[in-house]
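Keep in mind that this is a model prediction, so the values were computed, not measured.
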Amino acid sequence: MYKRQDVAESYPATFIMPLLLLLITLNSAACTPSNILPTKEPYTFPTISENPTPTIPVATSLPETSSPTTTTTIDCLASGGEIENSHFESELLGTTFEFMVYIPPCYHINPQQDYPVVYLLHGLSYTNEQWLRIGLVDNMDSMIAKGSIIPFIIILPNETTSEPPQISQFPDVISQELIPWVDAHYKTIPDKLHRAIGGVSRGASWAVQIGFEHRQLFSAIGAHSLPLFQAYNGSINLWLSQELIEDQPRVFIDIGRNDQEWETAQTFANLLDANHIPHEWYMFKNGHTESYWSSHLEHYLRWYAQDW
């Protein structure tokens with residue numbers, strides 16, 4: 001604790017009187033005529049010619065200005081990302097395969113920057129617009145602008161049929177055609193460590209199958225409101241018991257307490273435990289609805305990006 005003290009002191013009268021006499025003497029001497037400064041001659045301005053030669057100053061350095069790159073980056077971050085519709089001709093399907101791409105802010109002004117990629121799959125009887133409806137663009141734009149996550153690309157494949165998993169070519173199109181096409185046409189970081197896959201409902205089941213069957217392709221697998229396909233009963237243990245490759249994918253499983261599929265999701269989490277596969281398991285409130293996924297979307301996106 002600091003203690004404050006006054007610094008004024010009192011002086012004896014025997015000291016004050018001689019001091020006053022000295023001050024009076026000095027003041028009297030300073031006022032004598034010999035000490036008054038002489039009057040200066042008035043200043044004469046130089047004559048200026050009628051056509052003077054202009055003097056051009058030489059700049060020794062450029063003035064400091066704001067960085068154009070910084071200003072542009074701030075502007076594009078504020079403007080947000082964009083959704084692009086894309087497609088290619090699928091040899092496996094014999095038809096056009098369509099998908100949407102979330103392109104993060106500043107993508108076009110940073111030609112040297114490459115980006116991680118997340119593949120997000122929609123639910124049964126919906127299209128890939130489901131992810132836009134639950135708030136994907138607003139969440140990504142806001143989180144990137146605040147620096148909560150690094151910018152990354154999101155691919156939204158569109159599954160147009162509801163074929164059983166035993167005969168569907170959807171997972172093969174994703175692994176064999178879509179991923180190579182995206183890496184060839186967008187500024188991605190084309191390796192496992194910078195690629196993730198996830199989905200809601202039926203999309204979660206596809207994410208589990210594609211992610212575990214092709215663990216060399218993905219660093220993270222997200223299963224949101226997971227209703228495992230019954231056809232997986234003979235495959236799950238095979239996927240999980242395979243000799244683990246290096247850098248095993250991270251796994252995220254969540255479901256609502258009122259979701260009728262919660263027991264299936266929990267059974268899958270138990271299988272991961274039995275096979276010593278690390279994962280995150282969440283049971284939140286509410287059910288199998290878009291409002292549920294929307295309320296947890298920011299959590300999902302943070303999780304996908306946490307190692308980048």
Side-chain angles (χ1 to χ4, degrees), residues 73 76-83 100-107 110 113-123 128 130-157 182 186-189 191-201 203-204 206-208 210-211 215 217-226 247-257 259 265 268-269 272 277-308:
T73 300
C76 65
L77 282 175
S79 64
E82 58 185 272
I83 292 291
M100 290 190 292
V101 183
Y102 170 80
I103 299 175
C106 307
Y107 178 92
N110 293 325
Q113 182 173 351
D114 294 329
Y115 298 84
V117 187
V118 177
Y119 291 78
L120 294 179
L121 313 179
H122 61 82
N128 51 5
Q130 182 175 43
W131 283 99
L132 308 186
R133 192 163 54 249
I134 66 176
L136 177 69
V137 175
D138 288 343
N139 273 273
M140 285 294 292
D141 288 351
S142 174
M143 295 170 72
I144 292 173
K146 292 186 296 186
S148 302
I149 57 175
I150 71 165
F152 57 89
I153 296 169
I154 297 178
I155 305 297
L156 305 174
V182 167
Y186 290 91
K187 296 187 299 178
T188 67
I189 303 175
D191 61 34
K192 168 187 172 160
L193 295 178
H194 296 90
R195 188 185 299 119
I197 189 168
V200 296
S201 191
W206 280 134
V208 167
I210 298 169
R215 284 182 290 182
L217 294 178
F218 303 100
S219 63
I221 302 169
H224 314 300
S225 300
L226 173 67
D247 302 320
Q248 180 179 318
R250 297 182 292 115
V251 182
F252 182 109
I253 310 168
D254 73 285
I255 200 160
R257 190 175 302 277
D259 192 321
F268 181 68
L272 295 178
I277 297 177
H279 60 280
E280 296 183 34
W281 157 254
Y282 299 93
M283 180 175 283
F284 298 118
K285 294 180 180 179
N286 300 321
H288 201 93
T289 63
E290 289 190 342
S291 61
Y292 168 86
W293 300 318
S294 179
S295 66
H296 298 288
L297 182 56
E298 182 176 338
H299 187 180
Y300 302 161
L301 297 173
R302 286 181 186 273
W303 183 81
Y304 288 118
Q306 71 183 31
D307 286 345
W308 296 331

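The CD1 atom of I153 sits 8.0 Å away from the OH atom of Y186 when rounded to the nearest 0.5 Å. The line from CD1 of I154 to CD1 of I83 is 7.5 Å long, rounded to the nearest 0.5 Å. Here the CG atom belonging to L136 is positioned 11.0 Å from the CG atom belonging to N128, to the nearest 0.5 angstrom. Annotation: the span from F284 atom CZ to H224 atom NE2 amounts to 10.0 Å, rounded to 0.5 Å. Rounding to the nearest 0.5 Å places CD1 of I210 at 4.0 Å from CD1 of I197. Atoms CD and CH2, from Q130 and W293 in turn, are 5.5 Å apart once rounded to the nearest 0.5 Å.
For D307, the salt bridge (charged side-chain N to carboxylate O under 4.0 Å, His left out) partners are R250, not counting sequence neighbours. Scanning for side-chain contact (heavy atoms from CB on, under 4.5 Å) contacts around D259 gives S225, I255, E261, H288, with sequence neighbours left out. The side-chain contact (heavy atoms from CB on, under 4.5 Å) test applied to E298 returns N139, M143, R302, not counting sequence neighbours. Residues passing the side chain to side chain donor-acceptor pair (under 3.5 Å) test with D141 are Y102, sequence neighbours excluded. With sequence neighbours left out, Y107 forms a side chain to side chain donor-acceptor pair (under 3.5 Å) with no residue at all. Partners of E290 by salt bridge (charged side-chain N to carboxylate O under 4.0 Å, His left out), not counting sequence neighbours, listed by chain and number: R133. The side-chain contact (heavy atoms from CB on, under 4.5 Å) test applied to I150 returns P116, W308, not counting sequence neighbours. Here Y292 pairs with H296 under the ring-ring contact (aromatic ring centres under 6.0 Å, His included) rule; sequence neighbours left out. Remark: H299 engages F252, Y282 in a ring-ring contact (aromatic ring centres under 6.0 Å, His included) (not counting sequence neighbours). Under the rule for a side chain to side chain donor-acceptor pair (under 3.5 Å), D114 has no partner lying at least two apart in sequence or in another chain. Partners of P151 by side-chain contact (heavy atoms from CB on, under 4.5 Å), not counting sequence neighbours, listed by chain and number: P104, Y115, I144.
Minimum interatomic distance between A269 and W281 (heavy atoms only, all atoms of both residues): CB-CE3, 4.0 Å. Residues I149 and F152 share a closest heavy-atom pair of CD1-CE2, 3.7 Å. The heavy-atom pair separating V251 from W303 by the smallest distance is C-CZ2, 3.6 Å. The two atoms that bring D191 and H194 nearest to each other are OD1-ND1, 2.8 Å, heavy atoms only. When all heavy atoms of G199 and A207 are compared, the pair lying nearest together is N-CB, 4.0 Å. Here the closest non-hydrogen pair linking L121 and P157 is CD2-CG, 3.6 Å.
Side chain of S79 to main chain of C76: a donor-acceptor pair is present (N/O by atom type, distance under 3.5 Å, no hydrogens or angles). S219 contributes a side-chain N or O that, together with a main-chain N or O of R195, makes up a donor-acceptor pair within less than 3.5 Å.
Identified under the salt bridge (charged side-chain N to carboxylate O under 4.0 Å, His left out) test for residues 278-287, with sequence neighbours left out: none.
With contacts defined as side-chain heavy-atom distances shorter than 4.5 Å, the pair L156/L132 qualifies. When side chains are defined from C-beta on, K192 counts as touching P249, because their heavy atoms get closer than 4.5 Å.
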